[in-house]
Amino acid sequence: MKKLDVQARLEYARCAVAVLRALKILDEKLTYQDLGRAIGLIADGDKWAPWHRQQIQDILNAAAAVERGSGNTDTDRLEYDRIINRKTGQRGQGITKSSRITRQRPAA
C-alpha cells in the first residue's frame, strides 16, 4: 500500500472538493475508482487495488473534517453521496458525521 504524507493527502482532498462541486453542478455521480483517477491518486494505467478505497475514504474524511469547521451553509455542502460503489451503483458507506480536525491538549 502506498503511504500518503500530509501534503499529498491535503492536495488530494482539495482536488476531491473540486470534483464533488463539479459533480453537483453536472448532477452526476462517480465511482470511488473514477474519483481516485480524477484526483490523481490512481495514475493512468494503474490498476485499482482494495487499499485505494480506504485511501479515498480517508481523503474524503479529511475534506469533511475541514468542511465541518468552515461554517458552510446547506447550499454549500459537499454531496459525498455522489461517490458510488461500482458493483452496486449505490453510494458507499459514506463519510462519517464525526469527521473532525482534532487538537491535542497540552499535557498538564
### Task
Look up atom CZ in Arg77 and atom CG in Leu20, then write down how far apart they are to the nearest 0.5 Å.
13.5 Å
#### Entry: Donor-acceptor contact present, side-chain Arg82 to main-chain Glu28, <3.5 Å
yes
### Message
Tell me which pairs pass salt bridge (Lys or Arg N to Asp or Glu O under 4.0 Å) where either residue lies in residues 35-50, with sequence neighbours left out.
### Response
none
### Message
Could you go through Asp34 and Arg86, starting from their C-alpha distance and side-chain angles, then the distance that decides it, and tell me whether this counts as side chain to side chain contact (heavy atoms under 4.5 Å, CB included)?
### Response
CA-CA 9 Å; Asp34 291 336; Arg86 180 180 298 278; 3.6 Å; yes
### Message
Rounded to the nearest 0.5 Å, what separates atom CG in Leu23 from atom CD in Glu79?
### Response
9.0 Å
### Task
Any chance you could measure Arg53, atom CZ, to Thr31, atom OG1, to the nearest 0.5 Å?
10.5 Å
### Query
Donor-acceptor pair, Tyr12 side chain versus Gln55 backbone, under 3.5 Å?
no
### Task
Could you grab the distance from atom CD1 of Ile59 to atom CG of Leu10, nearest 0.5 Å is fine?
10.0 Å
### Query
Among all residues two or more places apart in sequence or in another chain, which pass the salt bridge (charged side-chain N to carboxylate O under 4.0 Å, His left out) test with Asp58?
Arg9
### Query
Does the side chain of Leu60 reach to within under 4.5 Å of the side chain of Leu35, using non-hydrogen atoms?
yes
#### Entry: Which residues share a salt bridge (charged side-chain N to carboxylate O under 4.0 Å, His left out) with Arg14, sequence neighbours left out
none
### Query
Has the side chain of Glu67 got a donor or acceptor atom that lies under 3.5 Å from a matching backbone atom of Leu78?
yes
